[in-house]
Novice: 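I'd like to ask you about the structure that follows.
Nothing fancy with the numbering, it's 1 onward along the sequence.
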Amino acid sequence: MTTSPAMLGAAAELLVAAEFALAGLQVYEPLADDRGVDLLVDLGAGRHLLVQVKSARIGARDSYIFMSKKHFPLEPHRAVALVIFPADGEREFFLIPSATWQDASPPFTDYDYEGKKSAPEYGLRLHRHHWREHLATWSLREQMKLVVGQASG
């Protein structure tokens with residue numbers, strides 16, 4: 001049985017919510033997903049993190065994820081949680097602050113598509129051979145230390 005992209009995305013949202021909850025943070029799901037926010041993480045003292053969850057399969061081909069600029073402004077309280085399902089092993093988690101796209105350089109992209117039909121977007125090219133090294137800085141475990149530190153500080 002093949003997992004559809006929608007099923008993979010739904011599973012990724014649950015997996016990421018579980019990771020935040022297991023780190024001792026309160027996690028909420030918006031009633032509607034019309035603003036690019038899949039999870040709201042309560043950091044305490046009125047602070048929160050708005051998280052857009054993305055998933056990707058990595059196998060014989062490169063992959064690309066993107067977020068509409070309309071729904072993903074580069075604000076300090078926004079991030080992308082990425083769950084990668086590689087063909088060669090266990091799923092891996094990453095948490096990428098929106099500021100990463102401020103001065104986007106590969107593998108991060110910033111497209112305005114001026115004069116074209118596509119809406120402006122921020123993206124991430126996932127090279128089938130190099131994605132682990134490209135994303136190592138944003139490992140969920142390492143980023144979670146920072147987030148939990150913000151929650152307790």
Novice: For the side chain of Gln52 and the backbone of Gly36, is there at least one donor-acceptor N/O pair under 3.5 Å apart?
Specialist: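 It does hold such a pair.
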
Novice: State the CG-CG distance between Leu25 and Leu39, to the nearest 0.5 angstrom.
Specialist: 11.5 Å

Novice: Taking all non-hydrogen atoms of both residues, which atom of Ser55 and which atom of Ile65 are closest, and how far apart?
Specialist: O-CG2, 4.0 Å

Novice: Can you confirm whether Ile84 sits close enough to Leu135 that some side-chain heavy atom of one is under 4.5 Å from a side-chain heavy atom of the other?
Specialist: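 Result yes, sub-4.5 Å side-chain heavy-atom pair found.
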
Novice: If you group Ile, Leu, Val, Met, Phe, Trp and Tyr by side-chain heavy-atom gaps below 4.5 Å, do Met144 and Phe94 land in one group?
Specialist: no

Novice: Measure from the side-chain N and O atoms of Gln143 to the backbone N and O of Thr137, and report whether any donor-acceptor pair falls under 3.5 Å.
Specialist: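 Checked: pair present.
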
Novice: So which atom in Gly59 and which in Ala87 form the shortest heavy-atom distance, rounded to 0.1 Å?
Specialist: CA-CB, 3.9 Å

Novice: Taking a hydrophobic cluster as the set of Ile, Leu, Val, Met, Phe, Trp and Tyr residues connected by side-chain heavy atoms closer than 4.5 Å, whether directly or through intermediates, do Val27 and Leu40 fall within one such cluster?
Specialist: no

Novice: Measure across Ala79 and Pro97 and return the closest heavy-atom pair with its distance rounded to 0.1 Å.
Specialist: CB-CA, 4.1 Å

Novice: Quick one: list whatever passes ring-ring contact (aromatic ring centres under 6.0 Å, His included) with His127, sequence neighbours left out.
Specialist: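 With neighbours one apart ignored, the set is His129, His130.
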
Novice: Using side-chain hydrogen bond (donor to acceptor under 3.5 Å, both in side chains) as the criterion, list what pairs up with Arg125, not counting sequence neighbours.
Specialist: Tyr111

Novice: Do NZ/NE/NH1/NH2 and the carboxylate oxygens of Lys54 and Asp38 come within less than 4.0 Å?
Specialist: no

Novice: Verify side-chain contact (heavy atoms from CB on, under 4.5 Å) between Lys69 and Asp112, making sure each step is shown before the conclusion.
Specialist: CA-CA 9 Å; Lys69 288 186 178 184; Asp112 284 325; 2.5 Å; yes

Novice: Is Val80 reachable from Val83 through a run of hydrophobic residues whose side-chain heavy atoms are each under 4.5 Å from the next?
Specialist: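 Hydrophobic grouping puts Val83 apart from Val80.
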
Novice: Can you confirm whether more than 12 heavy atoms, excluding those of Glu90, are under 6.0 Å from its CD atom?
Specialist: no

Novice: Verify the neighbour count for atom CZ of Phe66: are there more than 12 heavy atoms of other residues, nucleotides or ligands below 6.0 Å?
Specialist: no

Novice: How many angstroms lie between CG in Leu49 and CZ in Phe20, if you round to the nearest 0.5 Å?
Specialist: 5.5 Å

Novice: Are Ile96 and Ile58 connected, step by step, through hydrophobic side chains (Ile, Leu, Val, Met, Phe, Trp, Tyr) whose heavy atoms are closer than 4.5 Å?
Specialist: yes

Novice: Any link between Val37 and Met67 through a network of hydrophobic side chains (Ile, Leu, Val, Met, Phe, Trp, Tyr) touching at under 4.5 Å?
Specialist: no

Novice: Scan for salt bridge (charged side-chain N to carboxylate O under 4.0 Å, His left out) pairs involving residues 75-84, sequence neighbours excluded, and state none if there are none.
Specialist: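 For residues 75-84: Glu75-Arg78.
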
Novice: Counting only heavy atoms not in Arg91 (residues, nucleotides, ligands), do more than 12 fall under 6.0 Å from its CZ?
Specialist: no

Novice: For Tyr64 and Gly123, which heavy atoms make the closest approach, and how far apart are they?
Specialist: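 Looks like OH-CA, 3.5 Å.
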
Novice: So, do Trp131 and Glu92 sit near enough that their side-chain heavy atoms are less than 4.5 Å apart?
Specialist: yes

Novice: Is any side-chain heavy atom of Leu140 closer than 4.5 Å to a side-chain heavy atom of Val16?
Specialist: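 Sidechains of Val16 and Leu140: no contact.
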
Novice: With distance as the sole test, does Ser139 use its side chain to make a donor-acceptor pair with the main-chain N or O of Ala136 at under 3.5 Å?
Specialist: no

Novice: Kindly compute the distance separating CG (Leu8) from OG1 (Thr3), expressed to the nearest 0.5 Å.
Specialist: 6.5 Å

Novice: Looking at residues at least two apart in the chain, or sitting in another chain, which of them share a ring-ring contact (aromatic ring centres under 6.0 Å, His included) with Phe108?
Specialist: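 With sequence neighbours excluded, Phe108 shows a ring-ring contact (aromatic ring centres under 6.0 Å, His included) to Trp101, Trp138, given in chain and number order.
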
Novice: Can you tell me how far NE2 of His48 sits from OH of Tyr28, rounded to the nearest 0.5 angstrom?
Specialist: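 Spacing of OH (Tyr28) from NE2 (His48) equals 12.5 Å.
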
Novice: Drop me the distance from Arg35's CZ to Leu50's CG, to the nearest 0.5 angstrom.
Specialist: 11.0 Å

Novice: Using only atom types and a distance under 3.5 Å, with no angle test, would you say the side chain of Asp62 pairs donor to acceptor with the backbone of Arg128?
Specialist: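 Here the side-chain-to-backbone pair exists.
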
Novice: What pairs meet the salt bridge (charged side-chain N to carboxylate O under 4.0 Å, His left out) rule with one or both residues in residues 7-17, with sequence neighbours excluded?
Specialist: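 Those involving residues 7-17 do not exist here.
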
Novice: Please collect all salt bridge (charged side-chain N to carboxylate O under 4.0 Å, His left out) contacts where either partner lies in residues 95-106, sequence neighbours excluded, each pair once.
Specialist: none

Novice: Calculate, to the nearest 0.5 Å, the distance between atoms CG and CG belonging to Leu82 and Leu124 respectively.
Specialist: 6.5 Å

